Amino acid sequence: MELAQNAADAALAAGVPGRLLLRLLDDPAGGPGVLLAANTGAPLDAAGVEGLATLRASAKGGGADGGADGTVGRFGVGFSAVLAVSDEPSVRSRGGGVRFSRDLTRAAALATGGALAAEVARRGGHVPALRLPFPAGPGAGPGPDVPPEGFDTVVVLPLRDAAARRVAEELLDACDDVLLLALPALDEVVVERPGAPARRLADAGDRWHVVRRTGRHEGAALAGRGVEERARLRFDVAWALPREGSGARPPGVVHAPTPTDDELPWPALLVATLPLGPDRRRVAPGPATDAVLDAAAAAYVDLLVERAVDGADAPALLPFGAAAGRVDAQLRERVLERARTAPLLRAVEDAAEGAGEPLLLRPAGAVALTGPGADDPVLLAALAPSLAGLIAAPRALDRLLGELGVARLTLADALESLPPGRTPAGWRSLYGALLPLAGDLSAREAMGALPVPLLDGRLVHGPRGLLLPGPAPEDPEELEALAEAAGVLAGYGLRLVHPEAAAGAGAELLERLGARAGGARVLLTDPAVAAAVRDSPDAEDPDAVAEAVLAVVAAAVGTGPGAAERAEELARDLPALGDLALPDADDELTPASALVLPGTLAGRALDPAAVGVVDAGLLARWGPDVLRAAGVLRAPAAVHLPVLDPADGAGGTDDDADDPAAGLDGLDAYADEVWGDVLDAEPGTVLEDVAVVRDLDLVVDAWPEVVAALAASPAGAEALTRPWRAGGRARQPHAAWWLRHRGPVPPVSRSGASPAWLPAAPPWTADLPVPVRRALGVLDAPADAGPADVLPLLAALAAARAPVPPADLLAVWSLLAVHADELPPAPPPERLRVLDASGLATATVPAQDVVVPDDPLWAQLAHLGPRLLVPAAAAARVADVLDLDLASDRADGEPSRTGGEPQEVPGALAALLPGAPRTWQRVGDLAVDGRPVPVWVLGSGPDAVVLARDAAAAADGLAHAAGRWALRRAAAAVLLAPDAASADAVLAAELPGL
């Protein structure tokens with residue numbers, strides 16, 4: 001650096017481009033070599049020699065203006081740095097030169113004799129090397145006698161030893177842009193060393209953004225400094241910031257202009273003529289230093305402003321945090337103070353049109369978000385038009401921006417302060433920018449009061465509870481109609497988001513913040529629409545309410561393929577729309593559900609005294625699909641009810657608009673007959689998700705068409721065939737029950753010629769789908785019957801005029817046992833069909849006479865009355881359902897016997913009936929309650945007592961005790977086998993089936 005300073009000052013003095021050559025030469029004799037420093041500019045003169053040889057007396061004085069020439073070499077001490085590597089430096093210009101030599105100086109001093117020689121001796125021969133200059137003529141020492149071609153002066157440094165060469169090599173390798181930045185008079189530095197390509201340093205401005213400033217000290221500021229320093233009032237400051245992609249890096253220390261030990265870990269290099277301490281390694285404190293640091297701080301802020309104008313992130317270049325030392329701390333404080341009033345911050349909003357530069361703000365005029373979204377460019381861009389002076393606030397700069405005095409806003413404050421002038425599309429853009437923050441809990445809380453435009457023109461705060469309309473209609477007229485509808489329905493509390501604001505990401509954000517999605521269909525379920533429908537008959541302008549509701553219905557139905565199906569679904573799922581007051585053909589307001597579409601099945605089949613025809617103009621305006629969706633009838637209406645309280649049928653009124661049971665004839669009887677047991681056991685039980693058919697009682701004609709139409713539609717088929725469920729039970733739906741008990745078909749009927757004892761189904765039922773036929777009780781065979789058919793079959797058996805084969809009766813009894821747990825308690829039957837005494841025919845008897853045997857043993861007691869025979873496991877439930885006695889209710893079951901001889905049970909029988917006792921009692925006479933029986937069992941399992949008159953009866957008793965009644969015949973075969981082999985054969989035949 002010292003040699004470079006001399007080169008820069010020489011170039012400046014001569015007014016020529018500064019060029020410096022640093023060349024390391026090998027010594028052919030094997031010595032350490034020579035270092036050359038050749039430069040352009042003013043040659044060495046007498047004054048220069050005097051400055052080199054006189055301590056702290058430089059020939060480069062301040063000049064008349066106290067240093068305005070810009071020289072940097074000072075005090076004649078810089079050249080002394082060459083003694084670090086050489087004892088015989090020389091300086092040679094084309095007009096002559098001088099050399100210095102420690103050996104020659106020592107010899108000259110000793111040659112004087114006297115006191116000087118004595119002093120040299122006292123110092124052990126040590127003398128200052130630069131105090132006596134010697135001529136540097138041709139051949140005087142190693143190195144060239146004249147400067148290299150193109151240069152005006154050369155400093156020749158014969159290297160002292162190998163250590164000195166290593167130092168020289170390290171210094172040469174360390175040469176970089178700092179030389180050019182610290183010494184602006186130097187245009188070029190070339191470094192040459194043996195075995196390596198030459199390095200040329202030039203054009204530093206291509207790699208660094210540089211700002212230079214000069215200033216003048218007040219005389220008092222330099223008081224106490226050296227004489228030469230006090231004469232130099234000028235000071236220089238330079239900041240150099242690496243350009244992007246240059247690879248340049250600041251050295252991290254202050255340069256004054258030589259490197260000091262004062263750390264400066266900034267993104268830029270500072271070179272300034274700062275006062276140094278005696279060791280020239282540290283910046284000396286004092287007024288002069290303060291003045292230079294003030295200028296350096298101002299220059300750095302100017303540099304940042306320039307970079308901000310170029311689009312750079314200036315705040316990121318501001319030093320902030322703990323300082324590395326005294327100078328660093330003083331500079332940080334000064335820079336931050338000036339930065340508060342400097343236009344360093346880039347506004348998010350675009351610069352003025354045509355300006356071509358970013359809009360820069362002073363911190364006092366800027367505002368930044370704090371917390372979520374503070375540095376999200378998309379969000380900031382969306383907020384900027386409404387928040388003047390908005391800047392990005394990366395989390396890393398949060399404290400710095402606060403220190404600079406930037407106003408801070410939370411996201412909630414920013415959203416609350418937004419003006420209302422945005423278009424719906426503008427709000428959608430903001431919502432899209434906010435969407436990435438929806439996963440942040442604090443951000444969602446901040447967005448709780450987010451402004452949202454409604455379709456009726458209002459702007460509300462907070463998305464929670466708002467309704468999203470779905471995709472905006474493509475037809476502008478449809479959108480206008482929907483907007484008008486929203487305006488009318490707003491009076492009933494509707495808050496419908498504008499479709500343009502709720503498109504795409506807007507809908508996703510609003511839904512995550514609590515808005516309800518679903519489009520026009522969900523809109524129809526909004527309480528506001530329900531209130532408008534209820535109010536429509538008494539509204540101030542019923543037509544306006546009807547138009548509003550129908551506009552929403554039309555949006556839900558849509559157009560094109562599938563419109564009719566969507567209309568049917570709406571009519572099924574939203575039956576409350578049927579209360580909308582619409583004009584009929586006589587211009588009288590009538591609920592939509594009491595109107596029919598002209599020329600439809602409803603017009604032909606329903607009682608004209610109970611329904612009217614919809615107004616022709618209304619039909620022309622909206623079309624049949626929209627009116628059908630709103631509840632106008634084209635056939636008896638199949639609808640879906642989310643919840644239905646069966647008890648409402650008994651206490652409610654069919655004309656109550658708020659009653660889900662309205663239009664369901666016979667609901668009270670259905671509830672008692674089908675759900676009575678559940679309602680008694682669990683009062684308040686409701687039925688959920690049921691499909692019903694309204695107004696069946698209004699059908700006066702065309703039953704075949706009505707039922708066929710219901711069967712052909714998904715909603716109607718569901719209402720007829722899907723069981724209703726409550727209390728863990730599934731039972732026939734109301735529509736099927738009504739048609740079987742109050743409609744055109746018997747409760748149970750046959751589709752063919754047999755069984756003849758069943759009434760024949762109407763011929764038109766043959767064309768119905770099989771599931772619908774069975775739901776209506778039309779049976780191809782008794783085996784097809786289900787739970788809903790059991791009790792009607794018992795009633796049909798009792799009422800049959802044709803003979804009933806015992807097999808048919810037994811099949812119905814079997815069906816009764818299978819479905820016993822699914823049947824509600826029925827009204828007690830008055831008559832039941834049973835087997836006659838012979839068991840070969842059937843007869844109808846008073847139900848009060850019939851008894852249900854508890855098990856096969858009780859079935860032996862025929863004297864208790866006609867028997868309804870079902871498996872023992874179902875006996876109690878069957879007796880309860882039909883309100884009949886069990887056999888054990890009519891008798892004590894006390895056995896009496898004569899004799900009693902224990903009989904061992906064979907091993908084969910024990911294997912066949914593992915739960916049976918090991919013996920049975922052979923008795924003479926056996927009676928129960930005085931009536932003779934072949935077998936009776938006391939108890940059960942291995943400890944049971946089996947009383948039997950013979951082995952065949954004993955087999956029945958043992959099977960009963962073991963709980964294996966179905967194996968009684970195999971047990972008899974074992975007991976009656978003539979020998980053990982035969983018994984084993986019976987066991988072998990039965991075992992695979994066990």
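Source: prediction; values computed, not measured.
Between the side chain of D808 and the backbone N or O of P805, no donor-acceptor pair lies under 3.5 Å. T844 places a side-chain N or O within 3.5 Å of a backbone atom of A798 that can act as its donor or acceptor partner. Listed for the D645 side chain is no donor-acceptor partner under 3.5 Å among the backbone atoms of V686. Under a 3.5 Å cut-off, the side chain of R877 and the backbone N or O of L823 do form a donor-acceptor pair. R729 places a side-chain N or O within 3.5 Å of a backbone atom of D821 that can act as its donor or acceptor partner. Side-chain atoms of R890 never come within 3.5 Å of backbone atoms of A887 as a donor-acceptor pair (strictly under, hydrogens ignored). Side-chain atoms of H741 come within 3.5 Å of backbone N or O of W737 as a donor-acceptor pair. Not a single donor-acceptor pair under 3.5 Å links the side chain of R922 to the backbone N or O of E901. Under the 3.5 Å distance criterion, the side-chain polar atoms of D855 are matched with a main-chain donor or acceptor of W858. For D573 (side chain) and H640 (main-chain N/O), no donor-acceptor pair under 3.5 Å exists by modelled atom type.
Tested against L606, the residues D701, L698, L601, V706 include a single side-chain contact (heavy atoms from CB on, under 4.5 Å) partner, L698.
L975 has its side chain within reach of P906: a pair of non-hydrogen atoms, C-beta onward, lies under 4.5 Å apart. For the pair L720/L739, a side-chain contact is recorded, criterion being any heavy-atom separation below 4.5 Å from C-beta on. Using a 4.5 Å heavy-atom threshold, the side chains of Q732 and R740 count as touching. Looking at heavy atoms from C-beta onward, L816 lies in side-chain contact with L868 at the 4.5 angstrom threshold. A heavy-atom distance below 4.5 Å is found between the side chains of L758 and L793. Side-chain contact between D956 and W965: present, with at least one pair of heavy atoms (C-beta onward) separated by less than 4.5 Å. Between V692 and W724 there is a side-chain heavy-atom pair separated by less than 4.5 Å. At least one side-chain heavy atom of L644 sits under 4.5 Å from a side-chain heavy atom of L664.
Between W675 and Y670, the ring-plane angle classifies as perpendicular under the 30° and 60° cut-offs.
Note that CG of D929 and CG of D892 are 5.0 Å apart. Values are rounded to the nearest 0.5 Å. We find the CG-OG distance between L864 and S888 to be 9.5 Å, quoted to the nearest 0.5 Å. The NE2 atom of H734 lies 11.5 Å from the CZ atom of R694; values are rounded to the nearest 0.5 Å. Put simply, CG on L912 and CZ on R964 are 8.0 Å apart, with the number rounded to the nearest 0.5 Å. Interatomic distance, CG of D849 versus CG of L832, reported as 10.0 Å (0.5 Å rounding).
Nearest heavy atoms, P746 versus P759: CB-CG, 4.1 Å.
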Criterion side chain to side chain contact (heavy atoms under 4.5 Å, CB included) on V851 and L884, from CA distance to verdict: CA-CA 6 Å; V851 66; L884 304 178; over 6 Å; no

Stepwise side chain to side chain contact (heavy atoms under 4.5 Å, CB included) check, V935 with W920: CA-CA 11 Å; V935 62; W920 60 278; over 6 Å; no

Derivation of the side chain to side chain contact (heavy atoms under 4.5 Å, CB included) call for L791 and V881: CA-CA 10 Å; L791 298 181; V881 168; 4.2 Å; yes

Derivation of the side chain to side chain contact (heavy atoms under 4.5 Å, CB included) call for V933 and L861: CA-CA 8 Å; V933 295; L861 305 179; 3.8 Å; yes

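Using a cut-off of 4.0 Å between Lys/Arg side-chain N and Asp/Glu carboxylate O, R742 and D697 are scored as not salt-bridged. Ion pairing between a basic and an acidic side chain is recognised when a charged N comes within 4.0 Å of a carboxylate O; R731 and D677 show such pairing. Between R773 and D780 a salt bridge is recorded (basic side-chain N to carboxylate O distance below 4.0 Å).
Heavy-atom contacts from other residues, nucleotides or ligands closer than 6.0 Å to CD of Q903 number more than 12. For R722, the CZ atom is densely surrounded, since the number of other residues' heavy atoms within 6.0 Å is greater than 12.
A donor and an acceptor atom, one from each side chain of T842 and R833, are located under 3.5 Å apart.
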